[in-house]
> 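Following this message is one structure expressed as structure tokens.
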Amino acid sequence: STCLTKEVLFLINFMKELSRISNLFLNLFSFFEFSGDIYTFGFINNYYIYLNMYIENYKSKKYISYWLGFMFIIISIMIVVGGLTRLTDSGLSITKWQLFSGFLPPLSSADWDNYFDLYKKIPEFKEQNYLMTLQEFKVIFWWEWAHRFLGRLIGILFLLPLIIFTIKEGFKKLLGLYFIFFLICFQGFIGWYMVSSGLVDRVDVSHFRLSIHLLIAFFILSLILWNYLKLKNITFPKKKLNFLIPLIFLILIFCQILIG
């Protein structure tokens, strides 16, 4: 009974967090009115999302599809690394955001000592890992550093080709991809927002913020796959699904949330 109550409270709080994020997006995009070939957050059409790209140049379509396919793979790898970072309790090993300076790992003993000293100041070390040595700290540090490095790399690998394709095709045709880039940048902020919750008064991060962080990652991945399939003109046969299939799928998702 107590366990069920906790799970219900978790779902309620989780939905509140999602509601706040949704309101933020809707308020932001309500200032824009898109017309023509690309529609984003169609307020008239029951808030369905339309991010179609109509690109006539065959070579551009081919190269953009290759690029999106590569981004899908590297973001999938990052999600796996993020999961391993969580499982190894490595997420709080770097206590500063260091958006640009953190691109390079520690290169000297003094750098390692500085990172370790910063880690010693947070509750996770004081209450849980107080016997940890520098060598053990390096193990969890590399997991978190790799996760952040991949995040920076994804941002660069998405922005630079996007600029090149914009020069060739125009901003309007690639507006949906700019929305994905905005989500990638926003995901970096949410990642630090999540980490910051574990630096004071607790030994782990907020599971609500962690859930939002993971949800946005899958949302980005889904949008990239959706745009890739649109460019490749891949269609699926329109067959009605058995009612049990989505029902079982929803039950599995619910169980996964409970286990998580």
Side-chain angles (χ1 to χ4, degrees), residues 18 21-22 25 29 37-41 48-87 91 103 143-192 194 210-237 241 245-246 249 252-253 256-257 260:
L18 289 181
I21 297 295
S22 299
F25 281 131
F29 282 95
D37 295 332
I38 300 176
Y39 300 83
T40 304
F41 282 93
Y48 287 109
I49 301 174
Y50 300 88
L51 296 170
N52 296 329
M53 297 182 299
Y54 297 95
I55 300 174
E56 301 298 332
N57 190 309
Y58 173 76
K59 286 187 176 180
S60 292
K61 289 181 66 174
K62 181 176 70 172
Y63 291 139
I64 292 175
S65 66
Y66 289 161
W67 166 55
L68 291 177
F70 173 74
M71 293 306 303
F72 181 88
I73 293 173
I74 193 172
I75 291 176
S76 299
I77 293 173
M78 183 177 181
I79 292 175
V80 173
V81 172
L84 293 173
T85 302
R86 171 69 175 173
L87 291 175
F103 197 86
W143 277 112
E144 176 63 9
W145 181 85
H147 186 54
R148 297 192 186 194
F149 176 80
L150 280 174
R152 294 180 175 96
L153 187 62
I154 287 170
I156 294 172
L157 292 178
F158 200 92
L159 177 60
L160 295 182
L162 182 58
I163 293 174
I164 295 173
F165 290 129
T166 301
I167 294 174
K168 292 184 176 181
E169 298 296 332
F171 175 77
K172 186 177 180 181
K173 292 182 179 180
L174 302 176
L175 190 56
L177 298 181
Y178 275 95
F179 174 65
I180 296 176
F181 179 70
F182 165 77
L183 287 179
I184 291 174
C185 295
F186 183 67
Q187 175 74 327
F189 167 76
I190 291 296
W192 174 247
M194 175 193 68
L210 175 64
S211 300
I212 293 174
H213 189 49
L214 181 60
L215 181 68
I216 295 176
F218 280 118
F219 186 48
I220 293 171
L221 200 64
S222 300
L223 287 178
I224 289 176
L225 178 61
W226 191 87
N227 280 279
Y228 172 82
L229 294 176
K230 283 293 181 181
L231 286 170
K232 301 295 285 187
N233 293 322
I234 297 177
T235 57
F236 300 95
L241 287 175
I245 296 177
F249 186 69
L252 290 175
I253 291 177
Q256 175 61 27
I257 291 174

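As the structure is a computational prediction, the values presented were derived from the model and not from experiment. FYI, side chains are in, hydrogens and waters are out, and symmetry mates aren't considered; it's all heavy atoms of this structure.
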> What distance separates Ile77 CD1 from His147 NE2, expressed to the nearest 0.5 Å?
13.5 Å
> Kindly indicate, with the supporting measurements, whether the criterion side chain to side chain contact (heavy atoms under 4.5 Å, CB included) is fulfilled by Phe103 and Ile156.
CA-CA 12 Å; Phe103 197 86; Ile156 294 172; 4.2 Å; yes
> Side-chain contact, heavy-atom cut-off 4.5 Å: Phe165 with Leu177?
no
> Classify the angle between the aromatic ring planes of Phe158 and Trp67 as parallel (below 30°), tilted (30 to 60°) or perpendicular (above 60°).
tilted
> Just verifying a value: how many Å separate Cys185 SG and Phe181 CZ, rounded to the nearest 0.5 Å?
3.5 Å
> Is there side-chain contact between Leu229 and Leu225, with at least one heavy-atom pair below 4.5 Å?
yes
> Minimum heavy-atom separation for Leu231 to Ser65, with atom names?
CD1-N, 4.0 Å
> Minimum heavy-atom separation for Tyr178 and Ile163, please, with both atom names.
OH-CA, 4.5 Å
> Once you round to the nearest 0.5 Å, how far does NZ of Lys61 lie from CG of Leu68?
12.5 Å
> About how many Å separate CG of Leu183 and CG of Leu223, when rounded to the nearest 0.5 Å?
6.5 Å
> How far does CD1 of Ile74 sit from CG of Leu153, to the nearest 0.5 angstrom?
4.5 Å
> Atom CD1 of Ile216 and atom CD1 of Ile184: how far apart are they, to the nearest 0.5 Å?
12.0 Å
> Less than 4.5 Å apart, any side-chain heavy atom of Ile64 and any of Leu174?
yes
> Would you check if Met71 and Ile180 make a side-chain contact, meaning some heavy-atom pair closer than 4.5 Å?
no
